[in-house]
Structures are given as structure tokens and as C-alpha cells.
Amino acid sequence: MVARTQVEAYERDGYVVCPGWLDGSVVERCRAELGATCRPGPVVAVPAGTRPDLDSLVAASPLTGLAASLLGCSEVRCFGCTFMVKAPLVGPAADWHQDGHPWATGLAITSAVTLWLALDPARPGNGAVQVIPGSHSLAAQPLRPGGGMFGSGIDPDLVDQSKVITLEMDPGDVSAHHPCLIHGSGPNRSTQPRRALAIRYTPA
């Protein structure tokens with residue numbers, strides 16, 4: 001059940017971390033789905049309807065209930081599902097970015113939330129997500145060509161490095177991100193993989 005304090009934190013900061021939101025069996029299902037995609041690379045998008053087990057997972061109440069509570073609606077639909085894979089020692093960084101601009105311009109979606117499911121421990125040394133609390137008050141900015149795992153990012157002058165928070169997470173933890181939250185991540189310099197599943201929801 002989503003606590004009111006979690007909703008308030010999301011509204012205030014643009015993100016919230018929900019420790020232990022998913023049990024180990026769900027984490028193992030996600031890892032198995034990633035292994036079955038047979039698509040190499042740090043960003044593996046899975047189109048809806050192509051993997052029934054993953055479709056059933058993203059429609060399960062622990063995730064849809066969290067998304068609906070944060071969006072303030074009764075029902076949600078998933079419009080994107082992407083594995084983020086940072087291989088040991090070589091997993092790339094992600095430039096500072098917001099998700100909202102391409103969603104608004106390409107999909108006409110302006111109300112949404114991303115649920116980021118940790119499939120491995122996420123720590124500063126292996127490319128854990130970093131956020132700028134409160135940055136979701138900034139309007140969605142266009143992305144420009146850059147480096148990192150997505151190949152694009154926002155104007156770095158918009159990023160206040162003094163406010164950076166690193167989201168240390170364990171397998172089964174879930175973080176929720178507002179579309180306009182400025183976030184990114186460093187490279188994986190560890191000897192273990194850092195895998196995650198990002199699921200995006202909008203009001204149904």
C-alpha cells in the first residue's frame with residue numbers, strides 16, 4: 001500500500017524510493033525476461049505484447065497501484081518498458097536528462113511516471129541513478145546530442161551539481177521519477193553488472 005508520505009515526497013522532490021517493494025521472485029522473473037530478449041546493448045526496449053510474462057508483471061497491482069497513486073488516478077496503462085544494463089567495468093554513464101520532452105512531442109503524453117526496478121544492487125561505483133531533487137519544477141527541456149547510454153541529454157548548465165543525490169538501491173527496491181526530473185548516472189566501474197527495468201505509466 002502506498003503511504004501518503006511517499007506521495008508527498010514524490011510531489012515535493014519529483015522522485016521517491018520505495019524499498020523492498022517487490023519480492024525476490026519478481027526480481028528473478030525480470031532477470032529471466034532480460035536474458036530471454038537476446039538483444040545486446042545497454043538499453044533494451046521491449047515492445048508491449050511481445051513478452052507475455054513481462055506484460056503480466058507490468059500490469060500487476062504492486063506496480064500499477066504505485067503508479068496510480070503517484071499520478072492521482074484510478075487506472076494506468078504502460079506505454080514503455082526498457083531494460084537498462086550496465087555491464088561490469090564498461091557500462092556507460094547516462095547524461096543528465098529529463099524524459100518528458102520526447103514523450104510530449106512524440107507520444108502526446110504529458111502526465112506520466114517511470115518506475116525503476118533495481119535488479120542488482122545500485123551503488124555510486126556501479127552507476128546508480130542520480131537525481132536533482134525538486135528539478136521537476138523545470139519545464140521539459142529538449143534533448144540535444146551527447147554521449148552516454150542514451151546518446152543525448154539536456155543543457156548541462158541547467159544542472160545544479162551541488163544538489164545531486166545518489167539513489168542507492170537493492171534488488172526489489174523501486175524508485176519513481178517524474179517526467180521532468182533531471183536525472184542521470186555514472187559508469188559501472190565495478191566487476192558486477194548493474195541491471196534495472198524501467199516501466200513507464202500514464203493515466204488510462
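Sequential numbering from 1 along the given sequence is applied to the chain's residues. From a predicted model like this one, the values you see are computed outputs, not experimental measurements.
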>> Test your reading of the model: is there a side-chain donor-acceptor pair from Trp116 to the backbone of His177, 3.5 Å cut-off?
In response: no
> So, are Arg12 and Glu8 salt-bridged, with charged N and O less than 4.0 Å apart?
Replying inline: no
>> Keeping His97 on the side-chain end and His183 on the backbone end, is there a donor-acceptor pair under 3.5 Å?
In response: yes
> With distance as the sole test, does Asp160 use its side chain to make a donor-acceptor pair with the main-chain N or O of Ser162 at under 3.5 Å?
Replying inline: yes
>> Closer than 3.5 angstrom, by distance alone: can the side chain of Arg194 be matched with the main-chain N or O of Asn126 as a donor-acceptor pair?
In response: no
> Just by distance, do the side chain of Arg200 and the backbone of Ala112 share a donor-acceptor pair under 3.5 Å?
Replying inline: no
>> Ring-plane angle category for Trp103 and Phe79, please: parallel below 30°, perpendicular beyond 60°, tilted otherwise.
In response: perpendicular
> Heavy atoms, side chains only, cut-off 4.5 Å: are Pro88 and Pro193 in contact?
Replying inline: yes
>> Go through it in stages, so that I can follow the logic: the residues are Val129 and Met169, the test is side chain to side chain contact (heavy atoms under 4.5 Å, CB included), and I'd like the CA-CA distance, side-chain angles, deciding distance and then a yes or no.
In response: CA-CA 9 Å; Val129 172; Met169 298 170 62; 6.0 Å; no
> Considering residues at least two apart in sequence or located in another chain, which fulfil the side chain to side chain donor-acceptor pair (under 3.5 Å) criterion with His136?
Replying inline: none
> Is the backbone N or O of Val90 less than 3.5 Å from a side-chain atom of Asn188, with the two atoms forming a donor-acceptor pair by type?
Replying inline: no
> Between the side chains of Ser185 and Lys86, does any donor sit under 3.5 Å from an acceptor?
Replying inline: yes
> Do Asp120 and Gln192 come close enough that some side-chain heavy atom pair is under 4.5 Å?
Replying inline: no
>> I'd like to check Val131 versus Leu167 (side-chain heavy atoms, cut-off strictly below 4.5 Å). Are they in contact?
In response: yes
> Would you say the side chains of Thr37 and Arg51 form a donor-acceptor pair under 3.5 Å?
Replying inline: no
> Does Val58 offer a backbone N or O that forms a donor-acceptor pair with the side chain of Tyr201 under 3.5 Å?
Replying inline: yes
>> I'd like to know whether CD of Glu11 has more than 12 heavy-atom contacts from other residues, nucleotides or ligands below 6.0 angstrom.
In response: yes
> Can you check whether Ile154 reaches Gln98 side chain to side chain, under 4.5 Å on heavy atoms?
Replying inline: yes
